[in-house]
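Please read the structure below before turning to the comments.
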Amino acid sequence: MAKITSVFSMRHFFVLSLALNVSLILRTMYETEQGFLCYRSKTQKGQTTQRMRLSSSSSSSSSAATTRTEAQDGVERVINLDQGDPTMYEHYWQQVGEKTTVVIRGWQHMSYFSDVSNICWFLEPELAEEIARVHRVVGNAVTEGRHIIVGTGSSQLFLAALFALSPRDGPEPVSVVSQAPFYSSYPSMTDCLKSGLYKWAGDAQSYSKEGPYIELVTSPNNPDGNVRRSVVNRSEGTLVHDLAYYWPQYTPISSPADHELMLFTVSKSTGHAGMRIGWALVKDQEVARRMIKFIELNTIGVSKDSQLRAAKVLKAVSDSSEHGGTWEGVESFFKFSYRVMAERWKLLREAVNSSRIFSLPEFPPAHCNFLNRVFEPQPAFAWLKCERDIDDCESFLRGHKILARGGKHFGVSPKYVRVSMLDRDNNFNLFVKRLSTIHL
């Protein structure tokens, strides 16, 4: 009996000892893992803080880091200038600093409604005021007698315009046309929903169908930078003027635009593409009501946070312009942006002349009433053509690790590409340097 008890006790003691050891090992592993996770979490927070500090550092530090990066990867780096992302303007707004900071408390601007007395009930009064002011300061558009409609970028306003201008009782969708080369997104945006109201019908120059139509007039034009006018010119047509680039850094402002329906955006005027704010100036009240109805059905208005931020930025633009050369120690916005664009176009033309296998359009100079000077247009995009026996310029440049958008997307020959002129300095400078070294 004692033997059985002894064996039983030893067996239980062994199992108990094993369990305690396993428990100790698991606890040690758990504490080690927790310590590592805690360390990693702290490290990640530190890295995030560091990244935030770096993102707000001066452009000189950024340029120095970029120079080192370029020296490391050299020709291996892919230069993407396909998109029109206007990051060129970051440097200016860093200089402006806190003047455009907006603080919105958690309980503010919670309602759908902004101004119920306005036909555009979701338009913030502050933004409406600054839109009218900046056009008055620059002199590039008539706002008197117009309804101001805010949209989530000019893209939403473009679709709202098609909705508003399409006949409701037509036997077939109304044709939408634009002169080639046209903005590459017009066809896909028009046909993406396969609407029964409207459909893409191609190049306005070859359009000959009878009946109502909508013509899109982009001036200055994206992609080639030319000043545009309507080309179909028939009584049954209606026009939408896309004036996203009618600002003095891109083209001389000769007179205020005065059309039935005009589209603008902060994306290309101030560089704040991420705000997703555009506006339309509409003369006809019924067209304005239909556009507002589209936005109401589509997004139930437009972000108030973005509107208030856009108002603050536009106010800074107008303030800097009214103060002449400098504004509280900062160069006026349009003088800065004009100067940068002029320098970039000068560098690009020099690179094209050095390579001798590309060409660029020439633009006639004109007097700008706002800047009070004569200059050639300096568009937001370069319409680059590959000469000689290069039939596909997009593929040719891709072979040199330069990404640009080919002419086929704009309804013309693939010998052309559209190149963004609005990227950051390091990307643009590397592009110009590489382009100048390309030879056949």
Side-chain angles (χ1 to χ4, degrees), residues 112 119-123 146-219 221-223 228 230-244 259-265 267 276-303 408-412:
Y112 287 117
I119 184 175
C120 187
W121 52 267
F122 47 82
L123 171 63
R146 301 307 200 276
H147 299 285
I148 300 175
I149 305 172
V150 65
T152 304
S154 60
S155 298
Q156 185 184 41
L157 292 164
F158 164 72
L159 294 174
L162 296 186
F163 175 83
L165 296 173
S166 298
R168 292 297 181 271
D169 54 354
E172 60 180 351
V174 67
S175 296
V176 180
V177 298
S178 186
Q179 181 183 353
F182 41 71
Y183 175 42
S184 57
S185 291
Y186 280 160
S188 57
M189 290 172 64
T190 303
D191 288 342
C192 68
L193 296 180
K194 300 189 181 302
S195 170
L197 296 176
Y198 49 81
K199 65 178 180 180
W200 178 251
D203 187 359
Q205 288 183 302
S206 58
Y207 181 74
S208 58
K209 185 178 178 179
E210 295 297 325
Y213 66 92
I214 299 173
E215 183 177 354
L216 312 173
V217 182
T218 307
S219 185
N221 190 42
N222 174 2
R228 285 285 184 82
S230 60
V231 297
V232 181
N233 295 323
R234 295 208 299 266
S235 60
E236 295 178 282
T238 54
L239 304 178
V240 176
H241 282 82
D242 186 345
L243 305 181
H259 306 290
E260 293 286 326
L261 198 162
M262 301 178 282
L263 304 181
F264 293 89
T265 172
S267 297
R276 307 310 307 129
I277 289 292
W279 64 90
L281 303 177
V282 185
K283 183 180 288 188
D284 185 89
Q285 182 169 310
E286 185 56 33
V287 171
R289 288 188 186 279
R290 290 182 181 180
M291 290 181 67
I292 292 164
K293 187 62 178 178
F294 176 89
I295 296 171
E296 178 185 328
L297 294 171
N298 187 227
T299 53
I300 320 180
V302 177
S303 166
K408 63 182 180 180
H409 300 287
F410 304 92
V412 295

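In what follows, residues are counted from 1 in the order of the sequence shown. Atom set for the values below is all heavy atoms of this structure, side chains included, hydrogens, waters and symmetry mates excluded.
Heavy-atom minimum distance, W121 versus E296: NE1-OE1, 3.8 Å. Between V174 and P167, the shortest heavy-atom contact is CB-CD, 3.9 Å. In terms of heavy-atom proximity, L239 sits nearest to L261 at O-CB, 4.2 Å. Across all non-hydrogen atoms, the minimal contact from I148 to C120 is O-CB, 3.7 Å. Counting all heavy atoms, side chain and backbone alike, I295 lies closest to A160 at CG1-CB, 4.3 Å. Nearest heavy atom pair, residue I119 against residue I292, reads O-CD1, 3.3 Å.
Listed for the D284 side chain is a donor-acceptor partner under 3.5 Å among the backbone atoms of V287. Side chain of R228 to main chain of Q179: a donor-acceptor pair is present (N/O by atom type, distance under 3.5 Å, no hydrogens or angles). S178 contributes a side-chain N or O that, together with a main-chain N or O of L216, makes up a donor-acceptor pair within less than 3.5 Å. Proximity of a side-chain donor or acceptor of D203 to a complementary backbone N or O of G411 within less than 3.5 Å is not detected. Side chain of T265 to main chain of G278: no donor-acceptor pair is present (N/O by atom type, distance under 3.5 Å, no hydrogens or angles). A donor-acceptor pair under 3.5 Å is absent between the side-chain atoms of S219 and the main chain of N221, judged by distance alone. For Y207 (side chain) and E215 (main-chain N/O), no donor-acceptor pair under 3.5 Å exists by modelled atom type.
Under the 4.5 Å side-chain criterion, counting only non-hydrogen atoms from C-beta, H259 is not in contact with V217. Using a 4.5 Å heavy-atom cutoff, the side chains of Y186 and D242 are in contact.
Annotation: the span from H241 atom NE2 to M262 atom CE amounts to 9.0 Å, rounded to 0.5 Å. Atom CZ of F163 is separated from atom CE of M291 by 11.0 Å, given to the nearest 0.5 angstrom. Between N222 atom CG and F182 atom CZ the span is 11.5 Å, to the nearest 0.5 Å. The line from OH of Y112 to CZ of F122 is 13.5 Å long, rounded to the nearest 0.5 Å. Taking CG of L159 as the start and OG of S154 as the end, the distance is 10.0 Å to the nearest 0.5 Å. From L162, atom CG reaches atom OG1 of T190 across 5.5 Å, with rounding to the nearest 0.5 Å.
Between W279 and F264, the ring planes lie parallel to each other; the angle is under 30°, not in the 30° to 60° tilted range.
Under a cutoff of 6.0 Å and an axis angle of 45°, R168 and Y198 do not form a cation-pi pair.
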>> Assess the residue pair S303 and T152 against the criterion (side-chain contact (heavy atoms from CB on, under 4.5 Å)); give the C-alpha distance rounded to whole Å, side-chain angles, the decisive distance to 0.1 Å, and a yes or no.
In response: CA-CA 8 Å; S303 166; T152 304; over 6 Å; no
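Under the rule for a side-chain contact (heavy atoms from CB on, under 4.5 Å), the partners of S155 that lie at least two apart in sequence or sit in another chain are M189, R276.
If you run side chain to side chain contact (heavy atoms under 4.5 Å, CB included) between L263 and each of L157, L281, L243, only L157 comes through.
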